[in-house]
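The next block holds one structure in the form of structure tokens; read it before the comments.
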Amino acid sequence: VSEIYSSMNIKVNIQDIYNHSTISELAKFLDTLDVENTDIIKKHEQAEFYPVTSAQRRIYYTVNMENNNLAYNTPFGILFKTKPDLDKLENCISKILNSHDAFKTYFVLNYGDVYQKLVDHIDFKLLRKDYKNEDFIKPFDLSKAPLIHAEFDSYEGNYLLQLDIHHIICDGSSINIFAKELCDLYN
């Protein structure tokens, strides 16, 4: 349904798919529907500061009211069956970080309000440990990009990529997209 909408700008629902279960039936049905005029999300214009959402503002103030606040850390891991090429893995993560503005974002106070700023480029280095780091999760400094920590732990025949992205720039859906993009790039 979403693939049809994003590629053809035609709204259909699941019932339409079930009612037109072959490709030729669905194609004939789609020909009878009108294409929607949609607003395309445009790339933002260059600016020194960008506004934040109300959720980002709330997170910013909550995190800055408490030292060592980990409430908005969103850690996750990817377990490898065999040891990956760490230089390639580091390069893939770097490509992702530099291709999405969210990962180049940091937050500042300006004239009493919170704003987003972007760095031009992220110089990313993957930390590498020969043990399982139990203390991987640590507070973020929201005034410094990237708002992601990454570390590769190799221990007892296990290979674990630990990642932690601050929730102010990423939600659960974004983490799944990040993981899929990383796997696609690496493979």
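Since the model is a prediction, treat every value here as computed from it, not as a measurement.
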So, the side chain of Ser154 versus the backbone of Asp130: is there a donor-acceptor pair under 3.5 Å, distance only? no
Using a 6.0 Å cut-off, check whether atom CG of Asn110 has over 12 heavy atoms from anything other than its own residue. yes
Taking it one step at a time, do Lys104 and Asp101 satisfy salt bridge (Lys or Arg N to Asp or Glu O under 4.0 Å)? CA-CA 5 Å; Lys104 297 189 279 184; Asp101 284 346; 3.7 Å; yes
Pairing donors with acceptors under 3.5 angstrom, does anything connect the side chains of His149 and Gln162? no
I'd like to know if Leu30 and Ile14 are part of one continuous hydrophobic network [Ile/Leu/Val/Met/Phe/Trp/Tyr, side-chain heavy atoms within less than 4.5 Å]. yes
Rounded distance [0.5 Å steps], CG in Leu185 versus CD1 in Ile93: 10.0 Å
Is a side-chain donor or acceptor of Asn69 paired with a backbone partner of Glu66 at a separation under 3.5 angstrom? no
Pair Ser174, Asp171: side-chain N/O donor-acceptor within cut-off below 3.5 Å: yes
Here the gap from Asn64 atom CG to Ser143 atom OG, rounded to the nearest 0.5 Å, amounts to 8.5 Å
Salt bridge or not between Asp164 and Lys138? Use side-chain N to carboxylate O under 4.0 Å. no
Cationic N near anionic O, under 4.0 Å, Lys144 to Asp141: yes
Candidate pair Phe103 and Phe178, rule ring pair (Phe, Tyr, Trp, His ring centres under 6.0 Å), full reasoning: CA-CA 11 Å; Phe103 295 118; Phe178 180 95; 5.5 Å; yes
Above 12 or not: heavy atoms from other molecules or residues under 6.0 Å from CG of Asn187? yes
Determine whether Ile165 and Phe76 make a side-chain contact, defined as any pair of heavy atoms from C-beta on separated by less than 4.5 Å. yes
Do you know which two heavy atoms are closest between Leu70 and Pro139, and how far apart they sit? CD2-N, 3.4 Å
Within a strict 4.5 Å, meaning less than it, do heavy atoms of the Asn133 and Tyr131 side chains meet? yes
Report yes if some heavy atom in the side chain of Thr32 is under 4.5 Å from a heavy atom in the side chain of Phe29; otherwise report no. yes
How far apart are the C-alpha atoms of Glu181 and Lys95, what are their side-chain angles, what is the distance that settles it, and do they pass the side-chain contact (heavy atoms from CB on, under 4.5 Å) test? CA-CA 10 Å; Glu181 190 171 342; Lys95 281 182 183 177; over 6 Å; no
Linking I/L/V/M/F/W/Y whenever their side-chain heavy atoms sit closer than 4.5 Å, directly or via other members, would Leu118 and Ile148 fall into one cluster? no
Quick check against the 3.5 Å criterion: does His166 have a side-chain atom that pairs as donor or acceptor with the backbone of Ile168? yes
Would you check if Gln56 and Thr53 make a side-chain contact, meaning some heavy-atom pair closer than 4.5 Å? yes
Under a 4.5 Å side-chain heavy-atom rule over Ile, Leu, Val, Met, Phe, Trp and Tyr, are Leu86 and Leu182 clustered together? yes
Under the side-chain contact (heavy atoms from CB on, under 4.5 Å) criterion, do Val114 and Val108 qualify, and how do the steps go? CA-CA 6 Å; Val114 183; Val108 297; over 6 Å; no
Please determine whether ring pair (Phe, Tyr, Trp, His ring centres under 6.0 Å) holds for the pair Tyr159 and Phe80, giving the CA-CA distance in whole Å, both sets of side-chain angles, and the decisive distance to 0.1 Å. CA-CA 5 Å; Tyr159 307 103; Phe80 292 83; 8.1 Å; no
Inter-residue atom distance Ile169.CD1 - His100.NE2, 0.5 Å rounding: 11.0 Å
Would Asp153 and Arg128 count as a salt bridge (Lys or Arg N to Asp or Glu O under 4.0 Å) if you check the C-alpha gap in whole Å, the side-chain angles of each, and the deciding distance to 0.1 Å? CA-CA 6 Å; Asp153 297 345; Arg128 301 162 192 212; over 6 Å; no
Does the side chain of His20 come within less than 4.5 Å of Lys28's, by heavy atoms? no
In terms of hydrophobic clustering (I, L, V, M, F, W, Y; side-chain heavy atoms under 4.5 Å; direct or indirect links), are Val52 and Tyr61 co-clustered? yes
Whether over 12 other heavy atoms sit under 6.0 Å from Ile23 CD1: no
Atom pair CG (Leu109) and OH (Tyr60), whose distance is rounded to the nearest 0.5 Å: 3.5 Å
Quiz item: cation-pi between Lys117 and Phe49, 6.0 Å / 45°: yes
When you check the side-chain N and O atoms of His167 and Asn73, is any donor under 3.5 Å from an acceptor? no
Backbone of Thr105 reached by a side-chain donor or acceptor of Gln116 within 3.5 Å: no
Please report the closest heavy-atom contact between Val63 and Tyr72, naming both atoms and the distance. CG2-CD1, 3.7 Å
Side chain of Thr62, backbone of Arg58: donor and acceptor closer than 3.5 Å? yes
Stacked cation flag Lys88 on Tyr186, 6.0 angstrom / 45 deg: yes
Check whether more than 12 heavy atoms from other residues, nucleotides or ligands sit under 6.0 Å from atom NZ of Lys132, and answer yes or no. no
With a 4.5 Å cut-off on side-chain heavy atoms, are Asn91 and Phe124 touching? no
Inter-residue atom distance Ile17.CD1 - Glu25.CD, 0.5 Å rounding: 11.5 Å
Does any non-hydrogen side-chain atom of Phe152 lie less than 4.5 Å from one of Pro84? yes
Decide whether Ile78 and Ile137 are clustered together by the hydrophobic rule: side chain heavy atoms of Ile, Leu, Val, Met, Phe, Trp, Tyr closer than 4.5 Å, transitively. no
Ser94 vs Ile122 side-chain heavy atoms within contact, under 4.5 Å: no
